[in-house]
Amino acid sequence: MLRNLTSRLALAIFTLFFVSAVVFFSVEALPGDLCTAYLDRYAQGPRLERCRVEQGLDRSVPMRYLAWVGGLLQGDFGTSLKMGTEVSEVVTERFANTALLATAAALAGVPIAVLLGFLAGLRRDRPVDLIISTIAMIAMTVPEFVTASLMIFLFAITLQWFPAVTVVPPSAPLADFMPNLVLPALVLALVMSAHILRMTRAAVIEVAGSDFVQMARLKGVPDGQINRRHIAPSALIPTVNVIALTVAWLLGGVVVIEQVFNYPGLGTLMLQAIYNRDLPLVQAIALIFSAIFIGVNLTADLVIIALDPRLRT
């Protein structure tokens, strides 16, 4: 088991360094550089040369990459060209908002999706399964921005229960965020639940038809005990991977939902940084997204090892 953990951790660290190189050199391949993006029409003459010296652009690309990685290891993400402040300060505030949104959506979506998936799998091809599967299929196929627009029309415009867009600043206290959190969290929970539900249902059906479950039924083991002690643990193993991918998407890929609701999270900040050509901020957010994805998948691997005794040896 220790060997498995060590190999997975080493692979995660290697992947993170590889992603950091891809992010850095991809940004470097864009037309222009930091100074031409920052100075815009004034990017010429002594001012341009002075900016390039100040930003270290007079050094070779590999040297700048090593300096950038060295800064990352010390917690230094650089300085935002647009805001003139440390990238870490800007990102920390927005990451907290995205984490709050993702946590609310996960707490609402994951338990319901797993329970409904088990119910649909255990009642395969019955009315309850058909209803649950149909709703999940619709939620999976309808684009996120369409679902968000329908939620805004129903709950914000028609019923006027919640605000349509977020108007509070990113640094607002939690109490001010709560009314603005409901609709985006509801949309995210609906979208993520559909994928987890479908995977859970498929896993339950597969495990319920396995030989060891059929043997338990032939021995007269009660259905409740079979579901709790045999089907549930085995079905959760493949479901954990889907949950991990969904949570990683929640923390790093909610750009569309944040933009629709004007939610001040990392996704909105990423779009603003791209629009402003704030390259240090773009690099930092892209690397954070990648680190979250790698970290969540590593956690999922560890959970699967804990659930499956065959992987401990």
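The structure displayed is predicted, hence computed values, not measured ones.
Linking ILVMFWY side-chain heavy atoms closer than 4.5 Å, directly or via other members, places V146 and I138 in a single hydrophobic cluster. Under the 4.5 Å side-chain contact rule for hydrophobic residues, L115 and F118 do not share a cluster. I135 and L154 are not part of a single hydrophobic cluster, where members link through side-chain heavy atoms under 4.5 Å apart. Linking ILVMFWY side-chain heavy atoms closer than 4.5 Å, directly or via other members, places I196 and L116 in two distinct hydrophobic clusters. Hydrophobic cluster membership is shared by V204 and V110, with clusters built from Ile, Leu, Val, Met, Phe, Trp and Tyr side chains linked at under 4.5 angstrom.
The shortest distance between side-chain heavy atoms of L159 and F153 does not fall below 4.5 Å. Looking only at side-chain heavy atoms (C-beta outward), S20 and Y65 come within less than 4.5 Å of each other.
Of all heavy-atom pairs spanning P184 and I257, the tightest one is CB-CG2, 3.9 Å. Taking both residues in full, the closest heavy atoms of A194 and A139 are given as CB-CB, 3.8 Å, listed atom of the first, atom of the second, then distance. Taking every heavy atom of both residues into account, L181 and A104 meet most closely at CD2-CB, 4.1 Å. When all heavy atoms are compared, the tightest approach of S133 to R201 is OG-NE, 3.4 Å. Closest non-hydrogen pair, V90 versus L269, comes out as CG1-CD2, 3.8 Å. Nearest approach of L281 to A273, heavy atoms of both residues: CD2-CB, 3.8 Å.
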Show your reasoning for whether side-chain contact (heavy atoms from CB on, under 4.5 Å) applies to L271 and E258. CA-CA 10 Å; L271 291 179; E258 289 189 355; over 6 Å; no
Determine whether V19 and F289 satisfy the following criterion, side-chain contact (heavy atoms from CB on, under 4.5 Å), listing intermediate values before the conclusion. CA-CA 10 Å; V19 169; F289 284 167; over 6 Å; no
Apply side-chain contact (heavy atoms from CB on, under 4.5 Å) to the pair I152 and V260, showing each step before the final yes or no. CA-CA 10 Å; I152 291 174; V260 170; 4.0 Å; yes
I243 and V114: CA distance, side-chain angles, deciding distance, side-chain contact (heavy atoms from CB on, under 4.5 Å) verdict: CA-CA 10 Å; I243 294 175; V114 172; 4.2 Å; yes
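In this structure, CG on L287 lies 11.0 Å from CD1 on I285, to the nearest 0.5 angstrom. L130 CG to R124 CZ: the interatomic distance, rounded to the nearest 0.5 Å, is 11.5 Å. Between the CG atom in L190 and the CG atom in L150 there is a gap of 10.5 Å [rounded to 0.5 Å]. Interatomic distance, L188 CG to L183 CG, rounded to the nearest 0.5 Å: 11.0 Å. In this structure, L186 CG and S193 OG are separated by 9.5 Å, a value rounded to the nearest 0.5 Å. In this structure, I157 CD1 and F162 CZ are separated by 14.5 Å, a value rounded to the nearest 0.5 Å.
In this structure, T158 contributes its side chain and F155 its backbone to no donor-acceptor pair below 3.5 Å. A distance-only check finds no donor-acceptor pair linking the side chain of R94 to the backbone of L266 [under 3.5 Å]. Counting only distance, with no hydrogens or angles, the side chain of T268 and the backbone of P264 share no donor-acceptor pair below 3.5 Å. Side-chain atoms of T147 never come within 3.5 Å of backbone atoms of V187 as a donor-acceptor pair (strictly under, hydrogens ignored).
Residues T98 and Y263 have side chains that never bring a donor and an acceptor to within less than 3.5 angstrom of each other.
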